[in-house]
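Below: the structure, in structure tokens.
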Amino acid sequence: INSFNSLVPHLQQSVNTRFNEYPSVNLTDVLDGSNNVISFPHLQHFIFLSQVCRSMLIVGFVSVIGFFLCVIPGIFFYSRLAFADWYILDHPEAGIGEALSASWKMTKGNFWSVLGLMLAEIGIIILGYICCCIGVLFAIPFAYFAESSAYMMLQENLAYENLDYAAPANEYQKDEH
């Protein structure tokens with residue numbers, strides 16, 4: 001529950017900053033000859049969404065190639081690259097290569113946890129289909145929230161590992177000078 005409560009404001013802020021950055025222009029305003037003109041910044045939304053779609057396609061392609069080689073490499077590559085699209089959503093200035101690299105680094109040492117999450121998501125979505133397909137309306141958003149929460153936790157762990165963190169001195173280890 002706590003991770004869900006902390007996730008909602010983060011997603012809301014992310015959506016607000018990504019898509020409300022530029023004023024929208026109605027087609028009727030352009031056709032009426034008003035001063036609103038579609039400018040280049042409006043293409044940023046398209047570029048941003050195309051990067052997310054391209055990263056999803058690359059992850060899917062690598063996973064399918066892995067499945068054709070053998071099932072195990074496909075599962076391995078998918079679980080290691082699964083958070084590339086979340087990275088691009090969080091860092092829109094990042095390229096696809098940077099997102100794939102970041103996903104690979106985030107999931108290092110967490111393969112079994114990520115695989116367990118993916119299997120749990122599949123199970124929940126299958127249960128949603130079993131419930132006359134109405135349960136899918138709840139299962140898919142739940143799966144996305146679980147995946148985004150896992151992304152946030154893995155990114156915090158990666159940021160923590162990259163810091164030059166010196167453990168605080170134990171309060172029982174006092175200088176006796």
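Gln155 and Asp90 get closest at one heavy-atom pair: OE1-OD2, 3.0 Å. Taking every heavy atom of both residues into account, Ala84 and Ala99 meet most closely at O-CB, 3.6 Å. Shown here for Tyr78 and Ser63, the closest heavy-atom pair between the two residues is CB-OG, 3.1 Å. Contact detail for Pro73 and Gly66: the closest heavy-atom pair is CB-O, 3.9 Å.
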Identify every side-chain donor-acceptor pair in residues 109-133 under 3.5 Å, counting partners at least two apart or on other chains, and give the distances.
{"residue": "Asn110", "atom": "ND2", "partner": "Met106", "partner atom": "O", "Å": "3.3"}

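The environment of CD1 in Ile72 is sparse: at most 12 heavy-atom neighbours from other residues, nucleotides or ligands sit within 6.0 Å. For CZ of Phe142, the number of neighbouring non-hydrogen atoms (other residues, nucleotides, ligands) closer than 6.0 Å is 12 at most.
For Glu147, the side-chain hydrogen bond (donor to acceptor under 3.5 Å, both in side chains) partners two or more places apart in sequence, or in a different chain, are Trp86. Remark: Glu98 engages Tyr87 in a side-chain hydrogen bond (donor to acceptor under 3.5 Å, both in side chains) (not counting sequence neighbours). By the side-chain hydrogen bond (donor to acceptor under 3.5 Å, both in side chains) test, Thr107 pairs with Arg80, sequence neighbours left out.
Hydrophobic clustering (ILVMFWY, side-chain heavy atoms < 4.5 Å, transitive): Leu154 and Trp104 are in one cluster. Following chains of ILVMFWY side-chain contacts shorter than 4.5 Å, one can reach Val71 starting from Phe77, so the two form part of one hydrophobic cluster. Note on Val136: it clusters hydrophobically with Tyr144, by side-chain heavy-atom contacts below 4.5 Å among ILVMFWY residues.
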Note to self: Run the side chain to side chain contact (heavy atoms under 4.5 Å, CB included) test on Tyr151 and Leu89 for me, step by step, so that the C-alpha distance in whole Å, both residues' side-chain angles and the decisive distance to 0.1 Å come before the verdict.
What the structure shows: CA-CA 11 Å; Tyr151 165 78; Leu89 287 172; over 6 Å; no
Notebook entry, point to check: For Ile96 and Ile58, what are the C-alpha separation, side-chain angles and deciding distance, and is it a side chain to side chain contact (heavy atoms under 4.5 Å, CB included)?
Noted result: CA-CA 9 Å; Ile96 295 174; Ile58 289 172; 3.5 Å; yes
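The line from CZ of Phe76 to CG of Leu81 is 8.5 Å long, rounded to the nearest 0.5 Å.
Cluster partners of Ile65, using a side-chain heavy-atom cutoff of under 4.5 Å among ILVMFWY residues and allowing indirect links, are Phe61, Leu69. Other residues sharing a hydrophobic cluster with Phe68 under the 4.5 Å side-chain heavy-atom criterion for ILVMFWY residues are Val64.
Judged purely by atom type and a 3.5 angstrom limit, Ser103 has no side-chain atom pairing as donor or acceptor with the backbone of Leu100. Formation of a donor-acceptor pair under 3.5 Å by the Ser101 side chain with backbone atoms of Gly97 is not found in this model.
A heavy-atom distance below 4.5 Å is not found between the side chains of Asp85 and Val59.
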